[in-house]
**Student:** 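I have a structure here, written as structure tokens, and I will follow up with some questions on it.
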Amino acid sequence: MDITGIGTHIKVKDFQKSKWFYKTLGFQEVFAYGPNEPVKEKYNGIVFAVGNAKIEIGEGHPAVKPEVHMEIVKSSKISLMINVDNIHDLLDICQKNNIEIAVGPRHYYWNTLEAVLIDPDGVRLVFIAPYTPEEANLVKADEKFGTS
């Protein structure tokens with residue numbers, strides 16, 4: 001068996017709020033479905049391309065009980081890692097759109113700069129950029145940390 005891709009399906013409580021969140025951060029929509037979409041479904045959903053991976057948000061799912069969509073993720077036990085070319089663009093987007101940064105940019109000893117956001121359903125998104133001293137200074141990254 002060859003694993004050829006990976007994706008994450010996030011069952012969302014407020015579809016419009018989640019759609020705004022992911023689109024504002026620059027996630028690219030590749031497919032949408034719902035009552036008012038060309039692909040008809042009882043509920044709304046969007047698939048975003050993230051490199052060769054996919055993130056899908058949906059306000060319903062035929063194999064999931066409706067109450068699951070109302071749950072909020074309450075811990076950082078699982079987080080999504082999203083590689084970006086720099087952190088300062090992310091911080092600018094957050095500032096311009098009042099998106100809270102849960103953990104500000106930090107320099108980790110494995111030579112990355114990382115910042116954490118939490119989506120409207122509590123999912124942790126760890127944005128990871130290559131470390132450079134210039135970028136660290138630009139975003140005023142905290143000193144090196146050994147764990148995330």
**Student:** Could you walk me through whether Glu135 and His88 pass the side chain to side chain donor-acceptor pair (under 3.5 Å) check?
**Tutor:** CA-CA 7 Å; Glu135 177 84 354; His88 71 267; 2.8 Å; yes

**Student:** Hey, what's the ring geometry for Tyr131 with His107, parallel, tilted or perpendicular (30° and 60° as the breaks)?
**Tutor:**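 Judged by the thresholds at 30° and 60°, the geometry between Tyr131 and His107 is parallel.
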
**Student:** Taking atom NZ of Lys11 and atom CD of Glu59, what is their separation to the nearest 0.5 Å?
**Tutor:** 14.0 Å

**Student:** Any heavy-atom pair between the side chains of Ile10 and Val73 that's under 4.5 Å?
**Tutor:**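 Heavy-atom side-chain distance check fails, nothing below 4.5 Å.
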
**Student:** Other than Tyr33, what residues sit in its cluster of Ile, Leu, Val, Met, Phe, Trp and Tyr side chains whose heavy atoms are under 4.5 Å apart, directly or through others?
**Tutor:**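 In the cluster with Tyr33 are Val30, Phe31, Val39, Tyr43, Val47.
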
**Student:** If we only count heavy atoms from C-beta on, is the Val126 to Leu80 side-chain gap below 4.5 Å?
**Tutor:** no

**Student:** Hey, does the side chain of Asp14 reach the backbone of Gln16 with a donor-acceptor pair shorter than 3.5 angstrom?
**Tutor:** yes

**Student:** Atom CD1 of residue position Ile6 - does it have more than 12 heavy atoms of other residues, nucleotides or ligands inside 6.0 Å?
**Tutor:**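 No, CD1 of Ile6 has 12 or fewer neighbouring heavy atoms, counting only those of other groups under 6.0 Å.
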
**Student:** State, with a plain yes or no, whether a side-chain heavy atom of Ile101 is found less than 4.5 Å away from one of Val116.
**Tutor:** no

**Student:** So, the side chain of Thr112 versus the backbone of Glu114: is there a donor-acceptor pair under 3.5 Å, distance only?
**Tutor:**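 Not a single qualifying donor-acceptor pair exists.
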
**Student:** Rounded to the nearest 0.5 Å, what separation is found between the CD atom of Glu41 and the NE2 atom of His61?
**Tutor:**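 Answer rounded to 0.5 Å: 9.0 Å.
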
**Student:** With rounding to the nearest 0.5 Å, note down the distance linking CG in Leu91 to CD1 in Ile99.
**Tutor:** 11.0 Å

**Student:** Ignoring hydrogens, what is the shortest heavy-atom contact between Ala129 and Ile87? Give both atom names and the distance.
**Tutor:** CB-CG1, 3.6 Å

**Student:** What verdict does the side chain to side chain contact (heavy atoms under 4.5 Å, CB included) test give for Ile128 and Ile82, after you've listed the backbone C-alpha separation in whole Å, the side-chain angles of each residue and the deciding distance to 0.1 Å?
**Tutor:** CA-CA 6 Å; Ile128 304 168; Ile82 301 157; over 6 Å; no

**Student:** Is it true that a side-chain atom of Asp121 and a backbone atom of Lys13 form a donor plus acceptor pair closer than 3.5 Å?
**Tutor:** yes

**Student:** Does Leu117 reach the side chain of Cys94, with side-chain heavy atoms less than 4.5 Å apart?
**Tutor:**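 Counting from C-beta outward, Leu117 and Cys94 do come under 4.5 Å.
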
**Student:** Hey, does the side chain of Gln28 reach the backbone of Gly26 with a donor-acceptor pair shorter than 3.5 angstrom?
**Tutor:** yes

**Student:** Clusters formed by hydrophobic residues whose side-chain heavy atoms approach within less than 4.5 Å: which one holds Val64, and what are its other members?
**Tutor:** Val68

**Student:** When rounded to the nearest 0.5 angstrom, what is the spacing between CG in Leu113 and CG in Leu90?
**Tutor:**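 Between atom CG of Leu113 and atom CG of Leu90 there are 11.5 Å.
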
**Student:** Does atom NZ (Lys65) have a neighbourhood of more than 12 heavy atoms from anything else shown, all under 6.0 Å?
**Tutor:**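 Count not over threshold, so no.
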
**Student:** Quick check on side-chain contact (heavy atoms from CB on, under 4.5 Å): which of Asp119, Asn97, Val12 does Phe21 satisfy it with?
**Tutor:**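 Result for side-chain contact (heavy atoms from CB on, under 4.5 Å) with Phe21: Asp119.
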
**Student:** Are Met81 and Val50 connected, step by step, through hydrophobic side chains (Ile, Leu, Val, Met, Phe, Trp, Tyr) whose heavy atoms are closer than 4.5 Å?
**Tutor:** no

**Student:** What's the spacing between Leu125 CG and Leu25 CG if we round to 0.5 Å?
**Tutor:**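 The distance works out to 7.5 Å.
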
**Student:** Linking I/L/V/M/F/W/Y whenever any side-chain heavy atoms sit under 4.5 Å apart, do Phe48 and Val84 land together?
**Tutor:** yes

**Student:** Given 3.5 Å as the limit, does a donor-acceptor pair link the side chain of Lys54 with the main chain of Gly7, or not?
**Tutor:**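 No; zero donor-acceptor contacts below 3.5 Å.
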
**Student:** Does some side-chain heavy atom of Lys19 sit less than 4.5 Å from a side-chain heavy atom of Ile46?
**Tutor:** yes

**Student:** Would you compute the distance between atom CG of Asn52 and atom OG1 of Thr4 and round it to the nearest 0.5 angstrom?
**Tutor:** 9.0 Å

**Student:** Would you indicate whether Glu67, at its atom CD, is surrounded by more than 12 heavy atoms from other residues, nucleotides or ligands within a distance under 6.0 Å?
**Tutor:**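 Enclosed: over 12 neighbouring heavy atoms sit under 6.0 Å from CD of Glu67.
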
